[in-house]
Amino acid sequence: HDGVSGRTDDPNLLRVPKQNPLHREEHHRKQLKSKTIVAVIGCGLIGNKRARSAREHPETDLRFVVDADKTRAVQCAKKYGGLWETDWRKAVRDPGVDLVVVSTPNHLHRGIACESLRNGKHVLVEKPMGRNLKETEQIFLCAVRSKRKVKAGFSLRYHPAIQKAH
């Protein structure tokens, strides 16, 4: 059981916890640190590429790689570093994580993205962001309410064949 409701009318979906009075101090502390701490959820082809990028980029540090399949999570962690986990909630709730990359099957995007946003993380969601317009709007509303950024990933944006088509 993945724990993510398939319902799009879930009243808790758009709930954002009240800001901790120490939020400003925590935000300031995060601004002073040198690297963005990343959790990659989903260790398939794209998740592995995102984990590699997080490891190699000089301004990021890969904290977690998460997959429901323990073998995939362990392999990704061995290859790119970071802690492996099978429960995405542990990575999303970790106070040290700044950015969550959601590279899971499409039906899980909305739940993981909104929970990440509610926990104060910025989110990169692989496309499609939602399975339909309603799910995409819900992710957008979660971002607005949490005052965090959300972006859809376009992993092939700079692929030569795509560039040639433009």
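Being a predicted model, the structure only gives us computed values, none of them experimental.
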Q) Is W88 linked to V150 within one hydrophobic cluster, defined over Ile, Leu, Val, Met, Phe, Trp and Tyr using a side-chain heavy-atom separation of less than 4.5 Å? A) yes

**Q.** Test item: D67 side-chain N/O and G42 main-chain N/O as donor-acceptor pair under 3.5 Å
**A.** no

Q | V125 with L117, same ILVMFWY side-chain cluster at under 4.5 Å | A | yes

Q | Point-to-point distance, once rounded to the nearest 0.5 Å, from CG of L83 to NZ of K90 | A | 11.0 Å

**Q.** Partner residues of K147 under the salt bridge (Lys or Arg N to Asp or Glu O under 4.0 Å) criterion, sequence neighbours left out
**A.** none

Q: Mark yes or no for whether R148, through its side chain, and G120, through its backbone, hold a donor-acceptor pair below 3.5 Å.
A: yes

(Q) Measuring from atom CG of D98 to atom NZ of K35, what distance do you get when rounded to the nearest 0.5 angstrom? (A) 12.5 Å

**Q.** Exercise: identify the closest heavy-atom pair between S116 and V92
**A.** OG-CG2, 3.3 Å

Q: Working to the nearest 0.5 Å, report the span between NZ of K127 and OG of S103.
A: 13.0 Å

(Q) Would a single hydrophobic cluster contain both V66 and V123, if residues Ile, Leu, Val, Met, Phe, Trp and Tyr are joined by side-chain heavy-atom contacts under 4.5 Å? (A) yes

Q) Does the distance from a Lys or Arg side-chain N to an Asp or Glu carboxylate O, for K121 and E115, drop under 4.0 Å? A) no

Q) In this structure, are over 12 heavy atoms from other groups packed under 6.0 Å from E56 atom CD? A) yes

Q) Under a single-linkage definition using a 4.5 Å side-chain heavy-atom cutoff for Ile, Leu, Val, Met, Phe, Trp and Tyr, are Y80 and V101 assigned to the same hydrophobic cluster? A) yes

(Q) Please find the pair of heavy atoms, one from R63 and one from I37, that lie closest to each other, and give the distance. (A) CB-CG2, 3.4 Å

Q) Any idea which heavy atoms bring V97 and A91 closest together, and the distance? A) CG2-O, 3.6 Å

**Q.** Reference residue V38; test side chain to side chain contact (heavy atoms under 4.5 Å, CB included); the match among L124, L99, D61
**A.** L99

Q: State whether K134 and E137 are salt-bridged, where the test is any N-O pair (Lys NZ or Arg NE/NH1/NH2 against Asp/Glu carboxylate O) under 4.0 Å.
A: no

Q) When rounded to the nearest 0.5 angstrom, what is the spacing between CD in Q138 and SG in C142? A) 7.5 Å

Q. Between N48 and C43, does a side-chain contact (heavy atoms from CB on, under 4.5 Å) hold up when you go through it step by step?
A. CA-CA 5 Å; N48 268 266; C43 294; 4.2 Å; yes

**Q.** side-chain contact (heavy atoms from CB on, under 4.5 Å) evaluation trace for V102 with E126
**A.** CA-CA 6 Å; V102 183; E126 296 301 337; over 6 Å; no

Q.
Hydrophobic cluster membership, with links at side-chain heavy-atom distances under 4.5 Å among I/L/V/M/F/W/Y: are M129 and I112 in one?
A. yes

Q. Where is the tightest heavy-atom contact between G81 and L62, given as atom of each residue plus distance?
A. O-CD2, 3.6 Å

Solution key, residues 68-79 side-chain donor-acceptor pairs under 3.5 Å, sequence neighbours excluded:
unit_1: D69; atom_1: OD1; unit_2: T71; atom_2: N; d: 2.9
unit_1: D69; atom_1: OD1; unit_2: R72; atom_2: N; d: 3.4

